[in-house]
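Values below: every heavy atom of this structure, side chains too, minus hydrogens, waters and symmetry copies. All chains are named by letter (A, B, ...) in the order of the sequence lines, taking the proteins before the strands, and each is independently numbered beginning at 1.
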Amino acid sequence: GENVEQHPSTLSVQEGDSAVIKCTYSDSASNYFPWYKQELGKRPQLIIDIRSNVGEKKDQRIAVTLNKTAKHFSLHITETQPEDSAVYFCAASKNRGSTLGRLYFGRGTQLTVWP
Amino acid sequence: GAVVSQHPSRVICKSGTSVKIECRSLDFQATTMFWYRQFPKQSLMLMATSNEGSKATYEQGVEKDKFLINHASLTLSTLTVTSAHPEDSSFYICSAQRGTERYEQYFGPGTRLTVT
């Protein structure tokens, strides 16, 4: 099955700095890569996702890049704010048409943004 | 955005009893729902995939007779933890796929189960 590795496990940045979280996957057939933000005791929230036919996607301060050849994808958060502090999970899945494959999650990254 | 609810949000039960958790998609029909378990400071572990009108597909190591899943309609899936034990205490989260055209999964708010 798929194996998703996520690094780092913890990340501390100063407010206003950028944060980068990296993930690798093992199954070259995976074609959907979402990122979730989870605050303590709450549900994971989808913040951005990318499909394998796209190399980069941006939404305001958040961007995701995908390198299919190297089988890795990254989350970039610019101009970080204290409210960005949370656990971030990357995931990968293999979808065929309307059939949704299961998500394989990374272990998570605890991001702390210091004011 | 798509809304998924779970009930109850917290439950405390005694060892040996059964607990039912409901997962509902409120504003869309969910062809597929997923059930996860999350221990403190750990990632989400998929327990089973639930398709409306058919039997759930369980992940390796998950006892299907202990974790009963029923996907009765396109908006409701239930997880019953039977004969619960303290080691079953965890955060249980469901997610739902919105339709068949998009890959996004939307998560419920989770249910904190404590077995005493």
In plain terms, say whether R24(B) and E22(B) are close enough for a salt bridge, that is, a side-chain N and a carboxylate O under 4.0 Å apart. yes
Measuring heavy-atom distances to chain B, does Y36(A) have an atom under 4.5 Å in its side chain, in its backbone, in both, or in neither? side chain
Proximity breakdown for I93(B) and chain A, heavy-atom pairs closer than 4.5 Å: side chain
Do V81(B) and L68(B) land in one hydrophobic cluster if side-chain heavy atoms of ILVMFWY residues count as linked below 4.5 Å? no
Scan F91(B), Y36(B), Y92(B) and name whichever one has a ring-ring contact (aromatic ring centres under 6.0 Å, His included) with F107(B). Y36(B)
Check each atom of N95(A) against the heavy atoms of chain B and say whether the ones under 4.5 Å are side chain, backbone, both or neither. both
Specify which of G108(A), P34(A), P44(A) makes the most heavy-atom pairs with chain B at under 4.5 Å. P44(A)
Heavy-atom pairs under 4.5 Å with chain A, option from T49(B), T32(B), L46(B) with the top count: L46(B)
Checking the side chain of T109(A) only, and the main-chain atoms of L111(A) only, is there a donor and an acceptor separated by less than 3.5 Å? no
For C90(A), run the side-chain contact (heavy atoms from CB on, under 4.5 Å) check against W35(A), F105(A), F33(A) and tell me which one passes. W35(A)
Q110(A), R107(A), R102(A): which one forms the most heavy-atom pairs within less than 4.5 Å of chain B? R102(A)
Quick check on Q38(A) against chain B: is it the side chain, the backbone, both or neither that has a heavy atom closer than 4.5 Å? side chain
When rounded to the nearest 0.5 angstrom, what distance separates CD in Q6(A) from CZ in F73(A)? 8.0 Å
Measure distances from Q42(B) to the heavy atoms of chain A and classify the residue's part below 4.5 Å as side chain, backbone, both or neither. backbone
Rounded at 0.5 Å granularity, tell me how far OG1 in T65(A) sits from NZ in K22(A). 8.5 Å
Tell me, side chain or backbone of L103(A) under 4.5 Å from chain B's heavy atoms, or both, or neither? both
Using a cut-off of under 4.5 Å on heavy-atom pairs, state which of Q105(B), R112(B), K41(B) scores highest against chain A. Q105(B)
Q38(B), part contacting chain A, at a heavy-atom distance under 4.5 Å: side chain
Does R37(B) make a cation-pi contact with F39(B) (under 6.0 Å, within 45 degrees of the axis)? no
